[in-house]
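Here the structure is laid out as structure tokens; the discussion comes afterwards.
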Amino acid sequence: MNTDYTNHRLILSSSYPHIGVKSCSLYSVLNEKSDSAVQLDCPFKEPHLQVEIWGGFDGLVCVGTQREVWIWNPSTRKYKGLPNVEMPYCCYAWFGFGYD
């Protein structure tokens, strides 16, 4: 098993300040090397809504806004929207991945 994390990436987002969705090398973070986070080309940008990362597993990332949720593979740039997930402003929701 590769434990030096040279092929692993961190995916970051922030609600405040709004930074969009960025990526940086996990190796550089763990070894205190200088590596700038780069802006990812998020295919579902919405101009007035913050895209947030809600979870991830095995290369897939769950991202969403107040209106929509997607499962996204940043490596292939493919994504799939989930149906009927619009949330009212008054509620909190948590999303995660599971498998059988």
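Val61 has its side chain within reach of Pro74: a pair of non-hydrogen atoms, C-beta onward, lies under 4.5 Å apart. The closest side-chain heavy-atom distance from Tyr79 to Ile71 is not below 4.5 Å.
When hydrophobic clusters are built by joining Ile, Leu, Val, Met, Phe, Trp and Tyr residues whose side-chain heavy atoms come closer than 4.5 Å, directly or via intermediates, Ile11 is grouped together with Val63. Following chains of ILVMFWY side-chain contacts shorter than 4.5 Å, one cannot reach Tyr27 starting from Val38, and the two form parts of different hydrophobic clusters.
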* To do: Given side chain to side chain contact (heavy atoms under 4.5 Å, CB included), test Trp70 with Leu82 step by step and report yes or no.
  => CA-CA 6 Å; Trp70 301 273; Leu82 301 181; over 6 Å; no
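Of the inter-residue distances, the one linking Trp72 atom CH2 with Cys62 atom SG reads 12.0 Å to the nearest 0.5 angstrom. How far CD1 of Ile53 is from NZ of Lys22: 12.0 Å, rounded to the nearest 0.5 Å. We find the CG-CG distance between Leu10 and Leu26 to be 5.0 Å, quoted to the nearest 0.5 Å.
The heavy-atom pair separating Ser28 from Ser25 by the smallest distance is OG-O, 2.8 Å. Scanning all heavy atoms of the two residues, the minimum distance from Arg9 to Ser23 falls at NE-OG, 3.1 Å. Cys24 and Ala37 make their closest contact through CB-CA, 3.9 Å (heavy atoms, listed as atom of the first residue, atom of the second, distance).
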